[in-house]
Amino acid sequence: MSYELRDVSRRYGDGDTAVVAVDGVTLDIDEGEFVVIAGPSGSGKTTLLQLLGGLDRATSGSVLFEGRDLGTVGDRELAELRLGTLGFIFQQFNLVPTLTARQNVEAALAPRGLPGRERIEAARSLLVSVGLGARAAHLPSQLSGGEQQRVAIARALANEPRVLLADEPTGNLDSATGSELIDLLRRLNAERGLTIVLITHDTEIAASAPRTVRMADGRIVDGATSLRAASL
């Protein structure tokens, strides 16, 4: 099991002005699953993804990742978890504009301490894996939106994560390019056994996913049970 969430809530503020972004969520995500969390703006899905990534802590309830309660581990352990186990993909590509595609991926490889030549080859290999081997020397400004997001995916793979967390990764892409990106993530899920949790408000993406968890008003309204549990 990658994730076990039990009665998780995240509240911001106090008293009458408090906002409950996530409200009593119970959710299991199996290792190697491809899960889409769908819902309208303000449904709590991005807050939930931040809890899964250790970027925020629950106000109440427990978020277990591979048996570890993310609410009780220290900040240093959370940082190590994000660095060595989790990969993040965002709607904004967040590439360094003055670095080439290869150099952007190399920067993410730096914490692994690889020698220079190995780091360059690893970056090239990652770009090939996302279909951008021929664009390694291009700056972000010379790449399309879809190509920039592929660089961002290659960068997210640099730490050899077991989990990819993607927040609206197709939000800045046209529908055809977005569909190609989802196909790439599905392939990475199948070939590498990655657990992938993808946030979207796109109904077509949600409809085509192997498992969709639907949220509204901070609560899960459908899909809380993992595919493995549902088959038992």
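- Under the 4.5 Å side-chain heavy-atom criterion for Ile, Leu, Val, Met, Phe, Trp and Tyr, L48 and L64 are members of distinct hydrophobic clusters.
- Between S62 and V8, the shortest heavy-atom contact is O-CG2, 3.1 Å.
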TODO: Step by step, work out the salt bridge (charged side-chain N to carboxylate O under 4.0 Å, His left out) result for E147 and R150.
DONE: CA-CA 5 Å; E147 289 172 333; R150 286 173 182 263; over 6 Å; no
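- When the shell of 6.0 Å around CZ of R6 is examined, it contains more than 12 heavy atoms from other residues, nucleotides or ligands.
- Hydrophobic clustering of Ile, Leu, Val, Met, Phe, Trp and Tyr side chains at less than 4.5 Å, counting indirect connections, keeps L143 apart from L139.
- Within the 4.5 Å cutoff, no side-chain heavy atoms of R162 are placed close to those of S2.
- Note on M215 and V20: separate hydrophobic clusters, where clusters join Ile, Leu, Val, Met, Phe, Trp and Tyr whose side-chain heavy atoms are under 4.5 Å apart, directly or indirectly.
- Contact check for P169 versus L198: side-chain heavy atoms found under the 4.5 Å cut-off.
- Atom-to-atom distance recorded for T46:OG1 and F90:CZ is 10.0 Å, nearest 0.5 angstrom.
- Side-chain atoms of V163 and L52, non-hydrogen and from C-beta on, never get closer than 4.5 Å to each other.
- Between the CD1 atom in I120 and the CD atom in Q103 there is a gap of 9.0 Å [rounded to 0.5 Å].
- Note that CD of Q50 is 9.5 Å distant from CD1 of I199, once rounded to the nearest 0.5 Å.
- Using a distance-only test at 3.5 Å, with no hydrogens or angles considered, a donor-acceptor pair links the side chain of N159 to the main chain of L86.
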Task: L188/I153 under side-chain contact (heavy atoms from CB on, under 4.5 Å): CA gap, chis, key distance, verdict - done: CA-CA 10 Å; L188 292 171; I153 292 172; 3.8 Å; yes
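- Here the side chains of I29 and V213 are not in contact, with every heavy-atom distance at 4.5 Å or above.
- With rounding to the nearest 0.5 Å, the separation of OG in S175 from CD1 in I182 is 12.0 Å.
- Remark: side-chain polar atoms of E118 are not paired, donor with acceptor, to backbone N or O of P115 under 3.5 angstrom.
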- [ ] Check the pair R117, E121 against salt bridge (charged side-chain N to carboxylate O under 4.0 Å, His left out), reporting the backbone distance first and the verdict last.
- [x] CA-CA 6 Å; R117 176 52 57 183; E121 290 306 315; 3.7 Å; yes
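- With hydrophobic clusters built from ILVMFWY side chains whose heavy atoms lie under 4.5 angstrom apart, L132 does not share a cluster with L99.
- In this structure, the side chains of I220 and T26 stay at 4.5 Å or more apart for every pair of heavy atoms.
- Between E180 and L184, the closest side-chain pair of non-hydrogen atoms is not below 4.5 Å.
- Checking side-chain atoms of R112 against main-chain N and O of A158 turns up a donor-acceptor pair under 3.5 Å.
- Taking every heavy atom of both residues into account, P140 and L95 meet most closely at CG-CB, 3.9 Å.
- Across all their heavy atoms, A21 and Y12 have their closest contact at CB-CE1, 3.6 Å.
- Using a distance-only test at 3.5 Å, with no hydrogens or angles considered, no donor-acceptor pair links the side chain of T47 to the main chain of V22.
- For CD of E204, the number of neighbouring non-hydrogen atoms (other residues, nucleotides, ligands) closer than 6.0 Å is 12 at most.
- Within the 3.5 Å criterion, the main-chain N or O of T177 finds a donor-acceptor partner in the side chain of D174.
- Summarising the geometry of L157 relative to S129, their closest heavy-atom pair is CD1-OG, 4.4 Å, with the distance given to 0.1 Å.
- A209 approaches V36 most closely through the heavy-atom pair CB-CG2, 3.4 Å.
- For N189 (side chain) and L194 (main-chain N/O), a donor-acceptor pair under 3.5 Å exists by modelled atom type.
- Counting only distance, with no hydrogens or angles, the side chain of T195 and the backbone of E31 share no donor-acceptor pair below 3.5 Å.
- At distances below 3.5 Å, not a single donor-acceptor pair connects side-chain atoms of R155 with backbone N or O atoms of N104.
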Task: salt bridge (charged side-chain N to carboxylate O under 4.0 Å, His left out) evaluation trace for D75 with R57 - done: CA-CA 11 Å; D75 290 341; R57 294 181 188 263; 2.9 Å; yes
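- Panel note: side chain T200, backbone A38; no donor-acceptor pair is recorded below 3.5 Å.
- Taking the side chain as every heavy atom from C-beta outward, F34 and L185 approach each other to under 4.5 Å.
- Crowding of D217 atom CG: a count of heavy atoms from other residues, nucleotides or ligands under 6.0 Å not exceeding 12.
- K45 places a side-chain N or O within donor-acceptor distance of the main-chain N or O of P40, the cut-off being under 3.5 Å.
- In terms of heavy-atom proximity, D28 sits nearest to E33 at O-OE1, 4.3 Å.
- In this structure, the side chains of L127 and R135 stay at 4.5 Å or more apart for every pair of heavy atoms.
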Open item on the list: For L55 and L165: C-alpha separation, side-chain torsions, deciding distance, then whether side-chain contact (heavy atoms from CB on, under 4.5 Å) applies.
Closed with: CA-CA 11 Å; L55 298 171; L165 301 172; over 6 Å; no
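- Separating the CZ atom in R124 from the CZ atom in R119 is a distance of 12.5 Å, to the nearest 0.5 Å.
- To the nearest 0.5 Å, atom OG of residue S9 and atom CZ of residue R219 are 7.5 Å apart.
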Open item on the list: Test side-chain contact (heavy atoms from CB on, under 4.5 Å) on V197 and I37; report intermediate values, then the result.
Closed with: CA-CA 7 Å; V197 183; I37 300 177; 3.6 Å; yes
